[in-house]
Amino acid sequence: MDLSLSLSLLSFLLHLFCVRGDPDPAVDVDVEVDRYSMPTRCPREVQGEDFVRYHFNGTLRADGSKFDSSHDRGAAVVSQVGSGRLLTGIDRGLHGMCVNEHRKIYVPPHLAFGTVGAGGVIPPNATLVYDVLLLDVWNADDKVQIRTLHKPESCVRAAAASDFVRYHYNGTLLTGQVFDSSYSRNATYDTYLGQGDLIPGVEEGLLGMCVGEWRVLIVPPFLGYGVNGSGLVPPQATLLYEVLMIDVFNSKDNVTATVKEAPESCSRRSKTGDFIRYHYNGTFQDGTPFDSSYKRNSTYNTYIGMGYVIKGMDQALQGLCIGEKRRVVIPPHLAYGERGVENLIPSWAVLVFDIHVIDFHHPKDPVQIRSALKPPRCGETSEANDWVQYNYNCSLMDGTLLYSSDQFDSPSVATLGVNAVIAGLETGLRGMCVGEKREVLVPPHWAHGEDGAAGVPASAVLLFELELVDLQKGVPDGFMFVWLQDDGPEPLFPAMDLNGDKQVPLEEFSEFIKLQVREGKGRLRPGVDQESIIKDMFYNQDSNGDGRIIEDEVQLKDDTVPQRDEF
C-alpha cells in the first residue's frame, strides 16, 4: 500500500471514531470542572455529606446532544453528596460548589456509564457534560443561623414563648428568589410564639428579638417546609428571612408607665372623676408616630375613669401630677385590640404615649387661695361693692402666660360684686388688704368653662398671681352715697346750706358732699367719676329743676326703694 492510501484510511477511521463514540479513556482521567459563572459571595461550599439541590442540562461531549435536563422536567434534583446516590463524576464535580454558581462538569465514561452506556440515550464510553446551577446546600447537622443586622440600644423586653409578636419580613430562597413578603401585603405578620403556628426555624429565630431589631434567619429545609415545600417554596429548600420586629407583648401584660419629668411639688394627684387636659405624642413600639395633640395645637380633654378613652389610657391617667411627663405603654388588649383603627392603628398594636399633663380638676372643686404675702398691718379688707385696684398675672398650669396687668399702663380695676370679672377671680380678690399678694387657682367652672375665651383654652384651669394695690370701700347697690355715721346731720338742710341763704346750688352741694367724704362721715361710690355722681345726686334732689335745692326738696333715704340716690 502506498503512503497516500495509508493516510486516507487513517483520516477516515479518525472521523468514524469521532462520530460513533470516544475512544476508550484512560482510567486515570478525572472530572474536569469549568466554573464559568461565580457569585460575588460564597459563604459556603459543598462538602461531603452535604445535601444539594440543583438544576442541570446534560449533553454528550461528542456531539452536544442533550440526553437529560431538570429544567425540562420542571423539578430540581435533590440529593446528598458522598452517599453514592449520584454518578461518581457528578458527586466529585459538585464538591466546592457555591449557591448560584454555574459550572460545567465533564465526566469521563468510567465515572459515568462506562462501556455500557444507558438506556439507548447515552452511548458506551461517552463523556458527559453537565451544566449545573446550584440552588441550595445544607447539612443534616445544620441549625438555624441568626445574624443580627441592627439592635436598638435599649431593649425593655425580648420575645419569649407565649408572647404575641408582630413583624415584617422578606422571605427568599438562597438564590435570592422571593417567595413571600409582608411588605408587599402592607401588613405585619401577627402570631403567638410557642404554639406551633410557625415553621420551627422561624419560631426559633424570633425568640429573643427586641422591638426594632433586624435579623437575618437562614432556615434549613428540615426546619422549614421540608420535602413538601409550600406555595413558591420548592421541596427541600433552605429559606432566608429578613425580619424586623415591630411589636412584642403578652396577653398578661398591663399598662406600664415611666416618669420622664416630675414637678417639684405635687399637692394633688389625678383620680377617677377628674377632668384632665393633656398633650401627647402617640407612637408604635418601633417609634412610628400615629397621632399627636401637638400637631393639632390642642390638648386632649377628657374625664378620667369613666370610659371616655381606651381602658389602658383610663388607667394610665390615674395618679398623675399637674406638669408631670410620663411615657405610657399600653398593650393592645387594653387599647384597640384586634380591631385596630382603620388607616391609623393596625390590629394588635402596642401603643406608646408620651404624656404631658397640663391640668386637671374635679367639677366640684372650689377656688383655691394661697396667701403669698400679707402686710404686718392689715386693716380693711375687700368685700362686695368695694372698688379695687390690682396687679395680676394669669397663666395656664404649664406656665403659659395668658394675660398680665403689666401689659397695660396702670393696674386693673374692678368693683366687686357686680360681675365685672369671672367668678373665680372675684372670689380671689375678696378679703384682701392693700399690699397683700395671693395665688388663686381657678377651676374652669369658676372661669370660662368648656367654651373658653379669647386666648383661654376650653376647660382650662387658671392660675392668678394677685397684688392688691388700692382699695376703696363701696356703697350698697343702687346708691351713689352713704352716710357712715348714723343717718347724717340732723337737721340735714341747714348743714347743707353752708352760707345760710336758704338755698343750695350745685357748687355748694358739691362742696358739702366732698366735706363729708373728707371728714369720714360719708362715702361716694368708688370707681366712678365723683363729679358725675355728685351731679346725679343734686339733680335727684332738685325736684323742680330750677338749679337749686330748698328745704322742702330734701328727701331722706327710703330703704324700701334703694335704686334712688336719696339721703
Run the side-chain contact (heavy atoms from CB on, under 4.5 Å) test on I330 and K311 for me, step by step, so that the C-alpha distance in whole Å, both residues' side-chain angles and the decisive distance to 0.1 Å come before the verdict. CA-CA 9 Å; I330 302 177; K311 290 181 179 179; over 6 Å; no
Counting distance only, does the side-chain N/O of T175 pair as donor-acceptor with the main-chain N or O of L135 below 3.5 Å? no
May I ask you to check whether over 12 heavy atoms, not counting those of N186, lie within 6.0 Å of atom CG? no
Do S292 and N281 meet the criterion of a side-chain donor-acceptor pair at a distance under 3.5 Å? yes
I'd like to check I276 versus T302 (side-chain heavy atoms, cut-off strictly below 4.5 Å). Are they in contact? yes
With the side chain counted from C-beta on, respond yes when R277 and P457 share a heavy-atom pair under 4.5 Å apart, and no when they do not. yes
Lys/Arg N to Asp/Glu carboxylate O, R92 vs D30, below 4.0 Å: yes
Take T238 and V219 through the side-chain contact (heavy atoms from CB on, under 4.5 Å) test and state the conclusion after the steps. CA-CA 6 Å; T238 300; V219 180; 5.9 Å; no
Run the salt-bridge test on R269 and D274 with the 4.0 Å N-O cut-off and return the result as yes or no. no
Classify the angle between the aromatic ring planes of Y189 and Y169 as parallel (below 30°), tilted (30 to 60°) or perpendicular (above 60°). perpendicular
Give a yes or no on this: more than 12 heavy atoms of other residues, nucleotides or ligands lie within 6.0 Å of atom CZ of R41. no
Side-chain contact, heavy-atom cut-off 4.5 Å: R44 with N139? yes
Check: N170 side chain, E242 main-chain N or O, donor-acceptor pair, under 3.5 Å: no
Go through the steps to decide whether D180 and R185 satisfy the test side-chain contact (heavy atoms from CB on, under 4.5 Å), and finish with yes or no. CA-CA 9 Å; D180 195 10; R185 297 189 295 273; 2.7 Å; yes
Donor-acceptor pair, side chain of Q285 and main chain of V248, under 3.5 angstrom: yes
How are the rings of F51 and W138 set relative to one another: parallel (under 30°), tilted (30 to 60°) or perpendicular (over 60°)? parallel
Distance-only, no hydrogens or angles: does the S270 side chain make a donor-acceptor pair with backbone N or O of L320 under 3.5 Å? yes
Ionic contact status for R53 with D136, cut-off 4.0 Å: yes
Kindly say whether P39 contributes a backbone atom to a donor-acceptor pair with the side chain of N100 at under 3.5 angstrom? no
Out of R103, K104, R61, which one pairs with E32 under the salt bridge (Lys or Arg N to Asp or Glu O under 4.0 Å) rule? R61
Can a donor-acceptor pair be found, under 3.5 Å and without considering hydrogens, that links the side chain of H445 to the backbone of P363? yes
Are the side chain of N393 and the backbone of S404 linked by a donor-acceptor contact shorter than 3.5 Å? no
Could you go step by step and tell me if F179 and Y241 meet the ring-ring contact (aromatic ring centres under 6.0 Å, His included) rule? CA-CA 10 Å; F179 62 83; Y241 290 89; 5.7 Å; yes
Are Y336 and L351 close enough that some pair of their side-chain heavy atoms sits under 4.5 Å apart? yes
Single hit among T172, I218, L173 for side chain to side chain contact (heavy atoms under 4.5 Å, CB included) with L239: L173
Output, in order, the C-alpha distance, side-chain angles, deciding distance and verdict of ring-ring contact (aromatic ring centres under 6.0 Å, His included) for H55 and H71. CA-CA 6 Å; H55 268 303; H71 296 282; 4.4 Å; yes
Does the ring center of F353 lie less than 6.0 Å from the ring center of F290? yes
With a 3.5 Å distance limit and no angle check, can you tell me whether E203 reaches the backbone of G194 through a side-chain donor-acceptor pair? yes
Looking at residues at least two apart in the chain, or sitting in another chain, which of them share a ring pair (Phe, Tyr, Trp, His ring centres under 6.0 Å) with F56? Y130
Heavy-atom count check: over 12 atoms from other residues, nucleotides or ligands less than 6.0 Å from Q195 CD? yes
H361 and F275 aromatic ring geometry - parallel, tilted or perpendicular at 30°/60° bounds: tilted
